[in-house]
Novice: 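The following block contains the structure, expressed as structure tokens.
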Protein chains: 2
Amino acid sequence: MLRGDITKAIRNAVMNELAQVGYGRLSIEAVARRAGVGKTAIYRRWSNKLEMVLEIVSDVAGRAVPLPDTGSFAGDLQLLMMIATKALQHRYASQIIPDLMAEAARNPKIAETLQKALRSHQQAVGDKLVGQAVARGELPADADPELAVDLILGPLYWRLAVARTPVSDDYLERLTELVTAALQAGSSAR
Amino acid sequence: MLRGDITKAIRNAVMNELAQVGYGRLSIEAVARRAGVGKTAIYRRWSNKLEMVLEIVSDVAGRAVPLPDTGSFAGDLQLLMMIATKALQHRYASQIIPDLMAEAARNPKIAETLQKALRSHQQAVGDKLVGQAVARGELPADADPELAVDLILGPLYWRLAVARTPVSDDYLERLTELVTAALQAGSSAR
DNA sequence: CTACGTCGTAACGGTTGCGTTCCGGCGTGC
DNA sequence: GCACGCCGGAACGCAACCGTTACGACGTAG
């Protein structure tokens, strides 16, 4: 019976508030103000701040990103890099993710939710990316998907979300090149 | 005339409080309680929370990490990896850095301070690491220190501070191997 | 031994947010 | 057309923290 447009307005307000002030300073009252709704409408849906944020964030984060399959490892990698770059440059990602990550270190419930939403998904991407490459014979059978994903997403996340330095097309190209070289060389070395 | 032991207790309390509740929820009163001092003692030293945190954090972060010079690029790299791993596993680093990074996205003063404390230092490490390798002829003259540092610290930070997955010696070894391959291959490719 | 400055404690008024409750209004389903 | 349930708004008592002030105790410098 809860009105859908109200729920939507609240979800939206939570994401914006989260990006603007962070979880620590997010208040129910501010969310209600921003959404243009009464506090009552919020407490009718969730029982407290933690539950509300977790439900909304995991819903947003859980939306599956289409896994790449361009036909070649180089193509898959390049596509993944571009998708990740775009995603990490989004305001939600670059502000909310570090904030919730820091929060997760203190709150097991947040940690658990984020792991489900982010890490399992990331692992699926890694498995598919490397699996496809192995099937095509582009990487050896013992290539480590976990390590591969760390090597791909790590530098991008570091640069975009931590150092907050802009990423040029040229930079992205060179990074892709280096990572490709690493994964191929790392395999032949073993 | 300010008593040094009091100042020290406050600095300590701020770091602990920062790690435990984050910047957003850090309160002067809690710091005073934890340090076992009066609020007066704090306000006598800093005028507000932001100034206090910035001064203390930049002091801690500014302590120079000795730059590696083991005589070979492989050795330098391995040493750097180990130092970074250890540093990122420290409670202060793994909790405070993501928190302040998220905060920096909203507050230019924090961003500026952190860039000075972290990024410039990181750049110096990269320049020295790559510079030494170039001088030894282990990397070509046009090797990009910036890219190199991203590739080295990115995966570690991702794994330790974001994914919060433990890093085994074996994993570290393989990562070092891959990064070495990447930097050498990337050079020969150009 | 005196005077000064720092110390902790306690209190101040003011703000913000919590989670709850009551209200009158409005729209929908029956 | 009537009752029900959601809606926003307003207020509640409670708690935390802000930044400031006043106070008496202590310790040290001169």
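In what follows, every chain begins at residue 1, and chains take the letters A, B, ... in the order their sequences are listed. Below, all heavy atoms of this structure are taken into account, side chains as well, without hydrogens, waters or symmetry copies.
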Novice: Using only modelled atom types and a 3.5 angstrom limit, is any donor from either the side chain of Lys39(A) or the base of dG8(D) paired with an acceptor on the other?
Specialist: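 Answer no: no donor N or O sits under 3.5 Å from an acceptor.
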Novice: Would you kindly give the CZ-to-C1' distance between Arg44(A) and dG5(D), to the nearest whole Å?
Specialist: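 Interatomic distance, CZ of Arg44(A) to C1' of dG5(D): 8 Å.
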Novice: Give a yes/no on whether any side-chain N or O of Arg25(A) is located under 4.0 angstrom from OP1 or OP2 of dG17(C).
Specialist: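 Looking at the OP1 and OP2 atoms of dG17(C), neither is under 4.0 Å from any side-chain N or O of Arg25(A).
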Novice: Send over the distance from Ile28(A) CD1 to dA16(D) P, rounded to a whole Å.
Specialist: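 Answer to the nearest Å: 18 Å.
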Novice: Check Lys109(A) with Glu103(A), please: is the shortest side-chain N to carboxylate O separation under 4.0 Å?
Specialist: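 Result for this pair is no, no salt bridge flagged.
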Novice: Under a 4.0 Å N-O cut-off, is there an ion pair linking Arg11(A) with Glu55(A)?
Specialist: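 Yes, Arg11(A) and Glu55(A) are salt-bridged.
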Novice: Quick check on dC7(D): is either OP1 or OP2 less than 4.0 Å from any side-chain nitrogen or oxygen of Arg3(A)?
Specialist: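 For dC7(D), OP1/OP2 do not have a side-chain N/O of Arg3(A) under 4.0 Å.
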Novice: Take the protein atom CZ of Arg33(B) and the nucleotide atom P of dT9(C), then report the distance between them rounded to whole Å.
Specialist: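 Taking CZ of Arg33(B) and P of dT9(C), I get 12 Å after rounding.
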Novice: Measure from CD1 on Ile42(A) to C1' on dG17(C) and round the result to the nearest Å.
Specialist: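 These atoms are roughly 13 Å apart.
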Novice: If you only use heavy atoms from C-beta on, which nucleotide in dC18(D), dG8(C), dC18(C) is closest to the side chain of Ser27(A)?
Specialist: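 Among the listed nucleotides, the one closest to the side chain of Ser27(A) is dC18(C).
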Novice: Sort out for me which residue in Arg34(A), Arg25(A), Gln95(A) forms a side-chain hydrogen bond (donor to acceptor under 3.5 Å, both in side chains) with Gln20(A).
Specialist: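 Of Arg34(A), Arg25(A), Gln95(A), side-chain hydrogen bond (donor to acceptor under 3.5 Å, both in side chains) with Gln20(A) is met by Arg34(A) alone.
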Novice: Write down the distance between NZ (Lys49(B)) and P (dG19(D)), rounded to a whole number of angstrom.
Specialist: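 Whole-Å distance recorded here is 9 Å.
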Novice: Round to a whole Å and report the spacing from CD of Glu29(B) to C1' of dC12(C).
Specialist: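 Glu29(B) atom CD is separated from dC12(C) atom C1' by 12 Å.
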Novice: Under 4.0 Å: is that the gap between some side-chain N or O of Arg45(A) and OP1 or OP2 of dC7(D)?
Specialist: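 For dC7(D), OP1/OP2 do have a side-chain N/O of Arg45(A) under 4.0 Å.
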Novice: Does Arg106(A) come within less than 4.0 Å of Asp99(B), counting only side-chain N to carboxylate O?
Specialist: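 Salt bridge flag = yes for Asp99(B) with Arg106(A).
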Novice: Looking only at side-chain atoms of Leu2(A), point me to the closest of dC7(D), dT6(C), dG19(D).
Specialist: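 For Leu2(A), the side-chain atoms sit closest to dC7(D).
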Novice: Could you tell me how far apart Met1(A) (CE) and dG29(C) (C1') are, to the nearest whole angstrom?
Specialist: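 Interatomic distance, CE of Met1(A) to C1' of dG29(C): 7 Å.
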Novice: Quick test of your reading of the model: are Asp76(B) and Arg136(B) salt-bridged, counting only N-O distances below 4.0 Å?
Specialist: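 Arg136(B) and Asp76(B): salt-bridged.
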Novice: What is the distance, to the nearest angstrom, from the CG atom on Leu50(B) to the P atom on dG19(D)?
Specialist: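 For the pair Leu50(B) CG and dG19(D) P, the rounded distance is 11 Å.
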Novice: Just call it for Thr40(B): base, sugar-phosphate, or nothing, with non-hydrogen atoms closer than 4.0 Å on any strand.
Specialist: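 Thr40(B): base contact, heavy atoms under 4.0 Å.
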